[in-house]
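This report refers to the structure that appears directly beneath it.
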Amino acid sequence: MGRARGAWCGPWAAGALLVAVVAGGFGLYWFQPWRLWQDETVREALPEVTAPASAPPAEAPSGATAAPPPAGPTVLASGELISHEHPTSGTVTFVRLADGSHVVRLEGLDTSNGPDLRVWLTDAPVREGRAGWHVFDDGRYVSLGRLKGNKGSQNYPVPEDVDPSRYTSVSIWCDRFDVSFGAAELARA
């Protein structure tokens, strides 16, 4: 009996315990399960960018009228978020600001928190259920940055070199596990 007890307390047991502790620590780091219970709410207003000051408008040729630039933000496309890997809801709008720049706006966002969530502008179709979880990295996409919070309203500037007409959807993308938490098809306004 004493000999069997000594075998369990020897170097094999210490090695097994060390492996279990390291594996558990790595698993906690990788999955970050505590984030499922941590909500981060962001409440950003739509940016009010004024057009740059310019010279007075030149005289329009006779019979023609010059169209003034838009006075405020213009919604170019919008859509409702659907759930994929995690329950997700809210509205996505693609907005052109008065200065000509673009932002993707998430309004009323409600999703799970996760370990490496991004906002992606993509050309992928939005599909319901498991069929839609992994399609967004198959085609063209632009990462607009880390998700600022898993709840609320927030803005993501679109880089100037991005052609808005080439993208048809937005995904809340988990970069660590290559899966969509939720996505919205953008319907042109």
Side-chain angles (χ1 to χ4, degrees), residues 19-47 73 75-96 101-159 161-189:
V19 167
V21 168
V22 168
F26 178 76
L28 286 173
Y29 166 76
W30 190 251
F31 288 97
Q32 299 179 0
W34 59 87
R35 294 193 70 141
L36 291 173
W37 295 279
Q38 294 176 336
D39 288 332
E40 192 166 341
T41 302
V42 175
R43 291 187 179 96
E44 289 182 333
L46 184 63
V75 174
L76 302 178
S78 64
E80 293 293 320
L81 286 163
I82 65 167
S83 299
H84 281 148
E85 172 71 16
H86 291 267
T88 302
S89 62
T91 303
V92 176
T93 53
F94 193 93
V95 180
R96 180 179 54 230
S101 64
H102 296 93
V103 296
V104 167
R105 178 161 175 81
L106 305 178
E107 292 182 334
L109 175 66
D110 188 0
T111 191
S112 298
N113 210 337
D116 200 12
L117 297 179
R118 309 286 174 154
V119 177
W120 278 13
L121 185 59
T122 79
D123 67 351
V126 175
R127 297 184 187 138
E128 296 274 345
R130 292 184 69 93
W133 289 15
H134 301 283
V135 300
F136 297 100
D137 59 350
D138 294 343
R140 182 179 302 120
Y141 62 89
V142 176
S143 177
L144 302 179
R146 287 188 175 276
L147 187 68
K148 297 173 185 176
N150 64 311
K151 296 188 179 301
S153 299
Q154 46 210 272
N155 306 303
Y156 295 87
V158 177
D161 61 341
V162 171
D163 178 2
S165 67
R166 299 180 83 177
Y167 298 92
T168 58
S169 60
V170 171
S171 173
I172 308 301
W173 185 258
C174 180
D175 222 15
R176 179 158 301 161
F177 295 106
D178 292 330
V179 68
S180 174
F181 272 36
E185 189 82 34
L186 294 174
R188 301 291 171 195

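Heavy-atom basis, side chains included; hydrogens, waters and symmetry copies ignored.
- No side-chain donor-acceptor contact under 3.5 Å links D123 to the backbone of G139.
- A side-chain donor-acceptor contact under 3.5 Å links S83 to the backbone of T88.
- Here the shortest heavy-atom pairing between F181 and T111 reads CD2-OG1, 3.8 Å.
- H134 contributes a side-chain N or O that, together with a main-chain N or O of D178, makes up a donor-acceptor pair within less than 3.5 Å.
- Checked by atom type and distance alone, the side chain of T122 never pairs as donor or acceptor with a backbone atom of Y141 at under 3.5 Å.
- By the 6.0 Å contact criterion, CZ on R166 is open, its count of non-hydrogen atoms from other residues, nucleotides or ligands being 12 or less.
- In this structure, H86 NE2 and S180 OG are separated by 10.5 Å, a value rounded to the nearest 0.5 Å.
- Q154 and L109 make their closest contact through NE2-CD2, 3.9 Å (heavy atoms, listed as atom of the first residue, atom of the second, distance).
- Looking only at side-chain heavy atoms (C-beta outward), V42 and L147 stay at 4.5 Å or farther from each other.
- Across every non-hydrogen atom of F177 and P115, the tightest pair is CE1-CG, 3.9 Å.
- If you take NZ on K151 and OG on S112, they are separated by 7.5 Å, rounding to the nearest 0.5 Å.
- The closest side-chain heavy-atom distance from S89 to L81 is not below 4.5 Å.
- Across V92 and A184, no two heavy atoms sit closer than the pair CG2-CB, 3.8 Å.
- Within the model, atoms CH2 of W120 and SG of C174 stand 10.0 Å from one another, a figure rounded to the nearest 0.5 Å.
- Atom CD of E107 is separated from atom CD of E44 by 11.5 Å, given to the nearest 0.5 angstrom.
- For the atom pair CG (L106) and OG (S153), the distance works out to 8.0 Å, reported to the nearest 0.5 Å.
- For the pair D110 (side chain) and G90 (backbone), a donor-acceptor distance under 3.5 Å is absent.
- Although no hydrogens or angles enter the test, the distance criterion places a donor-acceptor pair under 3.5 Å between the side chain of N150 and the main chain of E40.
- For the pair P159/L144, a side-chain contact is recorded, criterion being any heavy-atom separation below 4.5 Å from C-beta on.
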Run the side-chain contact (heavy atoms from CB on, under 4.5 Å) check on V170 and F94 step by step: do they pass?
CA-CA 9 Å; V170 171; F94 193 93; 5.9 Å; no

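- With a 4.5 Å cut-off on side-chain heavy atoms, L186 and L76 do not count as touching.
- Donor-acceptor pairing under 3.5 Å is recorded for the side chains of E80 and T91.
- Under the 4.5 Å side-chain criterion, counting only non-hydrogen atoms from C-beta, F136 is in contact with V126.
- Smallest separation of non-hydrogen atoms from N155 and P157: O-CD, 4.0 Å.
- Counting heavy atoms from C-beta on, the side chains of R146 and D116 come closer than 4.5 Å.
- Scanning all heavy atoms of the two residues, the minimum distance from G152 to T41 falls at CA-CG2, 4.4 Å.
- Remark: the backbone N or O of S143 is not paired with any side-chain donor or acceptor of Y156 at under 3.5 angstrom.
- Note that CZ of R105 and OG of S78 are 13.0 Å apart. Values are rounded to the nearest 0.5 Å.
- The shortest distance between side-chain heavy atoms of H84 and V179 does not fall below 4.5 Å.
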